[in-house]
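Here's the structure we're looking at; comments come further down.
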Amino acid sequence: MDFLTLIQLLDSTVRLATPLLLACLAGLFSERAGIFDIGLEGKMLAAAFFSAAIAALTGSVWVGLAAGIAASMVFSLLHGLASITFRGNQLISGVAINFLAAGLTVLIAQDWFSQGGRTPSLMGGARFGPITLPFADALSGVPVLGPIYAELISGHSILVYLAFACVPLTWWVLFRTRFGLRLRAVGENPAAVDTAGVSVVGLRYAAVLICGVLCGIAGAYLSTALQAGFVKDMSAGRGFIALAALIFAKWRPWYALYATLLFGLFGALETRPDVIEALLGLKIQGALLGALPYVMTVIILAGFVGKAIPPRAGGQPYVKER
Amino acid sequence: MDVMPKWAEVALVPLISLILAAVLSALVILAIGEDPLEAVNLMVTGALGSTYGWGYTLYYATNFLFTGLAVSVAFHAGLFNIGGEGQAMLGGLGVALACLLIPWPHWSLALLGASLAGALFGAAWAAIPAFLQAKRGSHIVITTIMFNFIGAAVLNYVLVNLMRPAGQMDPATARFPDTTNLPTLHDILAPLGIAFSKSAPANVTFLIALLACVLVWFLLWRTWLGYEIRSYGKSEPAARYGGISPVAITMIAMLISGGLAGLMAINNVMGEAERLVLNAVEGAGFIGIAVALMGRSHPFGVLLAAILFGFLYQGGAELALWTSIPRELIVVIQALVILFTGALDNMVRMPLERLFLMLRRSRA
């Protein structure tokens, strides 16, 4: 494998890791506040559709992004209503949200565009284009570092840089602010937070809404940056891989970055069977490689390689008095 | 003290949830510019207006009965098995192996063998998440989701590389031999003088599903094991205090659950397709969740809910054929049913409880 192939591989790793990273951080906020969210997949899908649809109708990708985030937040509110206000089962609510998004997106897409459950292809200003960082062209002649800067670091859409910036931001919010301390506390011991006079319900809604914003960006990235338009079920299990990455990362922001990059690499390798063959000397079925994140997550969950301990109050609705 | 009388608990709450889901679905149909009443009319004639329609409705209902029972048994043990989809996939593999490798002399023996193989494979696929939950404390919801994806990958690999006949392009097994073909409801009802559509896929496995219903009821409410499963699901500390082993009950409940999901394959793989194709389960494993929630995890409720979803499935296919409403409407309805009967249960229950309390006070 030559240097350029490696750069290409890492480049597509970054592209594929971005939606996983955003969704993983989304799940991080929600689960750190004690709200399990297996509806990441559905929220991404809804955002992917609405951002592509509105971008196609208005011709502006930014309006599309706003619509995607809004759609994702509506689903987040639904999840909040079911799991915080009505103290329902958070897992069942997540399942319902996934199906609701899967069905509604195709239904509305068919009604609006009549193209078999897809949106028209996005062009020009209706898509997030690549951004060329300063001096990328001038430096591309420099050996080793030049291609790395020009190909790998430069030339992504703005959402990629935003996603990577979200990692230190999430760390700072969760571990260096008062809000973050309270948010983590509400996921470990909501009664203590309540005793301190801070609203458990308010904090949890805030966490669920932040989760909606990040899922919305992830979904918008899928349909307006990674691809040019929405197709049926285009999230393709990414929400669940993000969930797997979250467990892999043991609910920590920096580990989330590493986990999603690793899973992104698997995704990139899946499209390049020739590289695997050159590296390992044997053929690996793409489908089996695609299942690798899930297998690794099960192994981590089994506690054979370090234990992943979820937030203690996760999944339990908070009842003030019994 | 129960606030609500039993009939309200069993019938009124699910009914109101169902009405809410139906009203919202009607609004969705209105929003895409179709007439909901016309849609219902089309669905009823398409799914129930002929023996052909009934044949499809019952065929789908058979799938949902198995997966609904699977989710219910796990629910009773306090476990949420989202892995019905993967378990049914692997059950299909078991059924295909049994049908292709063993030269069965008669369909009845083949059915018996294939049922065992399907249940065994389904149970095996549930066994690993069950073991990890029981022994290592890994959350069963997450592991069963992961196993759905792993199962799909395994099946893909097996069909493409191992079981595909030479020269065939699509990833599927060879056709099963004729001796394994199950009699359809047409074949069963014809000797009794009842005319039933020849081309509908409903077959003898519907009767097996009904039998499974009775057996699950008997297991849960008439045996020692069922008592242990239910008490473990109600309160783990109490069950532990009563000498019930959490590890054993988790394992047994999940094995039964996985086995029931795997059994579904005798309907869709052996009874209908007569070969194993890639996407044989078609989401029936997930519909099992809606069916179990709506049926309140009781085998009789599950039967009613499975037939309702069979009707929705067949009716939805008819709608997609005759109107501009896509098949995905069914997914929306399914989601709304899960939402209202599962996640938003308290939204329906709290006002009702208040109402019954008021009635009781005014009477006292």
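Letters A, B, ... are given to chains in the order of the sequence lines, protein chains preceding strands, and every chain is numbered from 1.
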Checklist outcome for this item: side-chain contact (heavy atoms from CB on, under 4.5 Å) test vs A:Phe49 passes for just one of A:Leu222, A:Thr105, A:Val231, A:Leu104, namely A:Thr105
Checklist outcome for this item: Checked B:Ile145, B:Thr143, B:Asn156 vs chain A; the most non-hydrogen pairs under 4.5 Å come from B:Ile145
Checklist outcome for this item: Among A:Val106, A:Ile97, A:Leu243, A:Thr85, the residue with the most heavy-atom pairs under 4.5 Å to chain B is A:Val106
Item to check | chain B contact via A:Ile247 - which portion, at a heavy-atom distance below 4.5 Å | outcome: side chain
Next on the checklist: Can you tell me how the ring of B:Phe149 sits relative to the ring of A:Phe240, calling it parallel under 30°, perpendicular over 60° and tilted otherwise?
Outcome noted: tilted
Checklist entry - How long is the span from the CD atom in B:Glu34 to the CD1 atom in B:Ile29, to the nearest 0.5 Å? => result 8.5 Å
Next on the checklist: Tell me whether the count of non-hydrogen atoms from other residues, nucleotides or ligands lying under 6.0 Å of CZ in B:Arg349 goes above 12.
Outcome noted: yes
Next on the checklist: If you count heavy-atom pairs within less than 4.5 Å of chain B, which of A:Leu107, A:Leu100, A:Leu81 leads?
Outcome noted: A:Leu107
Next on the checklist: For a side chain to side chain contact (heavy atoms under 4.5 Å, CB included) check, start with the C-alpha distance between A:Ile92 and B:Phe80, then their side-chain angles and the critical distance, and finish with the verdict.
Outcome noted: CA-CA 9 Å; A:Ile92 293 176; B:Phe80 187 11; 3.7 Å; yes
Checklist outcome for this item: Residues A:Ser93 and A:Ala82: closest non-hydrogen pair is OG-CB, 3.8 Å
Checklist entry - Would the B:Tyr60 and B:Phe311 ring centres measure less than 6.0 Å apart? => result no
Checklist outcome for this item: Interface check, chain A: of B:Gly283, B:Gly342, B:Ala343, most non-hydrogen pairs under 4.5 Å belong to B:Ala343
Item to check | Under 3.5 Å side-chain donor-acceptor pair for B:Asn81 and B:Thr144 | outcome: no
Item to check | Part of A:Leu292 lying under 4.5 Å from any heavy atom of chain B | outcome: neither
Next on the checklist: Check the orientation of B:Tyr313 and B:Phe64. Use parallel for under 30°, tilted for 30 to 60°, and perpendicular for over 60°.
Outcome noted: perpendicular
Item to check | Contacting region of B:Ile82 [heavy-atom separation from chain A under 4.5 Å] | outcome: side chain
Checklist outcome for this item: Comparing B:Ile333, B:Asn161, B:Leu293, B:Asp345 against chain A, the one with the most heavy-atom pairs below 4.5 Å turns out to be B:Asn161
Next on the checklist: With a 4.5 angstrom heavy-atom cut-off, is it the side chain or the backbone of B:Ala31 that approaches chain A, or both, or neither?
Outcome noted: backbone
Item to check | Heavy-atom check, side chain of A:Leu209 versus side chain of A:Phe29, under 4.5 Å | outcome: no
Checklist entry - For the residue pair A:Arg204 and A:Gln316, what are the closest heavy atoms and their distance? => result NH1-O, 3.4 Å
Checklist entry - Do the two ring centres, one from A:Phe248 and one from A:Phe263, sit under 6.0 Å apart? => result yes
Checklist entry - Given A:Leu57 and A:Phe113, is the side chain to side chain contact (heavy atoms under 4.5 Å, CB included) satisfied, shown in steps? => result CA-CA 10 Å; A:Leu57 293 176; A:Phe113 303 106; 3.9 Å; yes
Checklist entry - Where along residues 314-327 of chain B does a heavy atom come under 4.5 Å of chain A, listed by residue number? => result B:Ser324, B:Pro326
Item to check | Verdict with reasoning, B:Val281 to B:Met89, per side chain to side chain contact (heavy atoms under 4.5 Å, CB included) | outcome: CA-CA 6 Å; B:Val281 185; B:Met89 271 181 224; 3.7 Å; yes
Item to check | Neighbourhood of chain B inside residues 36-44 of chain A, taking heavy atoms under 4.5 Å as contact | outcome: A:Phe36, A:Ile38
